[in-house]
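Residue numbers start from 1 in every chain, and the chains themselves are labelled A, B, ... in the order their sequence lines are given, proteins ahead of strands.
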Amino acid sequence: MSGVFSPTRAKIKERTLRTDKWWLEPAITFGVLFSFVIYATFRAFEGANYYKDHLISPFYSPCLSQACVPEATLFGWTPVSAEIFNFALSPALIILIFPLGFRMTCYYYRKAYYRSFWLSPPACAVAEPHTKYTGETRAPLIFQNAHRWFFYAGLVFNVFLTYDAIISFKNVDGQWGHMSLGSLVLLVSSTLLWMYSLSCHTCRHTVGGRLKHFSKHPVRYKLWTLVSALNHKHQQFAWFSLAAVAFADIYVRQVATGAWTNFYFF
Amino acid sequence: MARKLNLRIWRGDATDGGLKDVQVDVNEGEVVLDVIHRVQATQMGDLAVRWNCKAGKCGSCSMEINGKPRLACMTQVASFDEDETITVTPLRAFPVIKDLVTDVSFNYKKAMEIPAYEHPKELAPGEARMEQVDVERSQEFRKCIECFLCQNTCHVIRDHEENKKSFAGPRFFIRIAELDMHPLDKLKNRKRTAQEEHGLGMCNITKCCTEVCPEHIKITDNAIIPMKERVVDIKYDPARMFAGLLKREKRN
Ligand code: SF4
Ligand code: SF4
Ligand code: FES
Ligand code: FES
């Protein structure tokens, strides 16, 4: 018997005496994240319906494979072969590791999935089911310390996705100065991705958090206060940007399959 | 106007114990500590409860109220439904002494293990000056009243007794952060010892310490995560790894 049932502790048989709905939040988090993972996996393997008339799905950008629709590539740059060991490789799978790694190692998502998937702990003052616990001190979880690497990669991705949003301000014939619902969708999702990156704890640390002397670095101090303000909302940006990216992909897929017509404002 | 309140109080000691039901008068505006005192005065003369200030500032009256770690003197009875039974137990992460009183000496042992502030040799005492922006950061951490609710809630030790020897706990991570962010502190290896000796890596940033802190200190966001990032700086940073700067940091 360990934990709250250890011999020296007050003898209480319940794992928790909380009377509120403490299970609701982890249950919702589990449901939403799980649905996203299922959908993203399906889309990553689909290998089709990711491009139509200057709209490219964020799941497939940058499109680096020889299998890519030529218009979806970055100026025709396709360094990765279309198949590996005779298996067709979806272009999404090549790049997926970066956004996936970024979110998996994010301090906020860590809290979210440690609680909802791993029940470690399911909620505060609710005994967890595990008998042993070493936290993030050894493999594989020590790998969480790589968040910074993914943060840098994430910034590069944001540049690509912003470029995609700009490109979407073309009409079907490739003329600039037009705007569709699709451009709006991509613009919102890339903006939210920037907000998610800028509010990241690693960003906060990098711009100024690591300093001992704010007074000696007034500019970095100012930046730190700005990022800190965004950082308070990191959890919200994490969810909104996830939802926006998923919706952007759904939108592009629907347009690409012909189920929806992209509506042009002008 | 008094009304009756149903209360369940844990009574016992390290050998045995259980929840006892009592009915007690409660007046408007009273807090849970008030009704516990009334039970002590009228029905259970030997009920053990630790308290001191009744103002949320001494950190003595930490206990668990309906399963949530809280200060009894800051928990309004009116915050519960009138027909609700309120259950109070001692903290569940520490050894119980009697009734609602636990032995929190674990925390004092941990406090002694944290290396103290090291003053610059070239500065005589009294000569040190700090700017307000530098002070502000640690001021948040100085609000700590040492109620140890965060320590009690942290699953690393609450759910794993064996981790107590290798884990200092959130209250002491804010202490380490405060010193590591101090512009004058000269001690060099705080980040490394935080990770290797005080168990910073065991925290999985699930934020329960922040949730229960009565002083609303952003323990996770402002102390633990910044310390984790500082550890990454010296141990896992890509740029520094490639630049070979890691060695220099080690010598520091
Ligand atoms: S965030 Fe870390 S220190 Fe705080 S309660 Fe959770 S595991 Fe413990
Ligand atoms: S940090 Fe907050 S919860 Fe922890 S001991 Fe201090 S005041 Fe109490
Ligand atoms: S992206 Fe969430 S903390 Fe960095
Ligand atoms: S009695 Fe001092 S904090 Fe409650």
Side-chain angles (χ1 to χ4, degrees), chain A residues 2-4 6-14 16-20 22 107-108 110-111 114-115 118 120-121 123-128 130-138 141-142 144-149 152 201-202 204-206 209-216 218 221 228 231-232 234, chain B residues 10 12 14 16-19 64 66-69 84 87 89-96 102-103 130-134 137 152-153 155-156 158-163 180-183 185 199 201-208 211-212 220-221 225-226 228-233 235-238:
Chain A
S2 169
V4 288
S6 302
T8 56
R9 316 246 188 123
K11 300 219 165 16
I12 297 167
K13 61 179 189 310
E14 287 85 357
T16 182
L17 286 166
R18 280 181 66 165
T19 50
D20 56 336
W22 56 265
Y107 287 98
Y108 168 68
R110 270 143 80 181
K111 173 198 163 191
Y114 285 144
R115 281 193 187 198
W118 197 240
S120 176
C124 304
V126 178
E128 61 177 46
H130 312 280
T131 50
K132 273 226 150 26
Y133 174 87
T134 53
E136 302 183 331
T137 55
R138 56 179 71 174
L141 293 183
I142 196 159
Q144 305 283 28
N145 287 308
H147 184 56
R148 185 167 301 182
W149 305 52
Y152 296 141
H201 288 275
T202 296
R204 186 180 185 221
H205 173 78
T206 311
R210 63 152 55 99
L211 299 171
K212 260 179 181 270
H213 258 118
F214 280 159
S215 50
K216 281 193 183 159
Y221 172 64
S228 296
N231 181 256
H232 289 309
H234 189 58
Chain B
W10 193 90
D16 208 3
L19 291 165
E64 301 194 6
N66 277 0
K68 283 193 184 173
E84 200 174 339
T87 307
T89 71
L91 299 177
R92 291 183 73 182
F94 304 122
V96 65
T102 50
D103 174 1
M130 270 168 81
E131 301 271 338
Q132 182 58 27
V133 287
D134 294 321
R137 237 173 161 186
N152 170 64
T153 315
H155 71 118
V156 177
R158 184 184 174 93
D159 293 338
H160 307 277
E161 182 73 25
E162 67 284 2
N163 286 341
D180 203 58
M181 292 168 186
H182 194 298
D185 177 46
M202 300 188 95
C203 163
N204 67 353
I205 50 164
T206 34
K207 284 200 171 172
C208 289
E211 260 181 46
V212 299
T220 328
D221 285 355
I225 294 175
K228 284 194 176 235
E229 283 293 307
R230 284 164 182 240
V231 169
V232 173
D233 276 347
K235 288 178 80 116
Y236 313 103
D237 185 60

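Heavy atoms closer than 4.5 Å to chain A are found nowhere in Q132(B), neither backbone nor side chain. Both the backbone and the side chain of N66(B) have a heavy atom closer than 4.5 Å to some heavy atom of chain A. Contact of Y108(A) with chain B is not made at all, since no heavy-atom distance falls under 4.5 Å. In this structure, chain B has no heavy atom under 4.5 Å from any part of R138(A). Both the backbone and the side chain of S120(A) have a heavy atom closer than 4.5 Å to some heavy atom of chain B. If you measure heavy-atom distances from L141(A) to chain B, you find no contacts under 4.5 Å at all. Both the backbone and the side chain of H160(B) come within contact range of chain A, each with at least one heavy atom under 4.5 Å from a heavy atom of that chain. Within the 4.5 angstrom heavy-atom criterion, atoms from both the backbone and the side chain of D185(B) approach chain A.
A salt bridge is defined here as a Lys NZ or Arg NE, NH1 or NH2 lying under 4.0 Å from an Asp or Glu carboxylate O, and E64(B) with R9(A) fails to meet this definition. In summary, E229(B) and R148(A) engage in a salt bridge, as defined by a charged side-chain N under 4.0 Å from a carboxylate O. Ion pairing between a basic and an acidic side chain is recognised when a charged N comes within 4.0 Å of a carboxylate O; D134(B) and K216(A) show no such pairing.
Note on K68(B), E131(B), K228(B), H155(B): by heavy-atom pairs under 4.5 Å with chain A, the leading option is H155(B). For the options P69(B), A93(B), G12(B), heavy-atom pairs under 4.5 Å to chain A are most numerous at A93(B). Ranked by non-hydrogen atom pairs under 4.5 Å with chain A, the options T87(B), V212(B), T89(B), V156(B) are led by V156(B). Contact count against chain A (heavy-atom pairs under 4.5 Å) is highest for R158(B) among K207(B), E162(B), R158(B). When each of I225(B), L91(B), N163(B) is checked for heavy-atom pairs under 4.5 Å with chain A, I225(B) comes out on top.
The closest donor-acceptor contact from the side chain of R230(B) to the backbone of G209(A) lies under 3.5 Å. Not a single donor-acceptor pair under 3.5 Å links the side chain of N204(B) to the backbone N or O of Y114(A). Under the 3.5 Å distance criterion, the side-chain polar atoms of K212(A) are left unmatched by any main-chain donor or acceptor of M181(B).
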* Asked: What's the verdict on side-chain contact (heavy atoms from CB on, under 4.5 Å) for Y133(A) and D159(B), showing C-alpha distance, side-chain angles and the deciding distance?
  -> CA-CA 9 Å; Y133(A) 174 87; D159(B) 293 338; over 6 Å; no
* Step by step, would you call Q144(A) with I205(B) a side-chain contact (heavy atoms from CB on, under 4.5 Å)? -> CA-CA 11 Å; Q144(A) 305 283 28; I205(B) 50 164; over 6 Å; no
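A heavy-atom distance below 4.5 Å is found between the side chains of T206(B) and P121(A). Contact check for H147(A) versus V232(B): no side-chain heavy atoms found under the 4.5 Å cut-off. The closest side-chain heavy-atom distance from H205(A) to D233(B) is below 4.5 Å. Using a 4.5 Å cut-off on side-chain heavy atoms (C-beta onward), N145(A) and K235(B) make no contact.
The CG atom of D103(B) sits 9.0 Å away from atom OG1 of T8(A), with the distance rounded to the nearest 0.5 Å.
In plain terms, the two heavy atoms of T19(A) and E84(B) that are nearest each other are OG1-OE2, 3.9 Å. The minimum heavy-atom distance between K11(A) and A14(B), with the atom names listed, is NZ-O, 3.0 Å. When all heavy atoms of Y236(B) and W149(A) are compared, the closest pair comes out as O-NE1, 3.2 Å. Across every non-hydrogen atom of E136(A) and C203(B), the tightest pair is OE1-O, 3.8 Å. The heavy-atom pair separating E161(B) from S2(A) by the smallest distance is N-OG, 3.8 Å. Minimum heavy-atom separation, T153(B) to C124(A): CG2-CB, 3.9 Å.
No side-chain N or O of H234(A) forms a donor-acceptor pair with one of D221(B) less than 3.5 Å apart.
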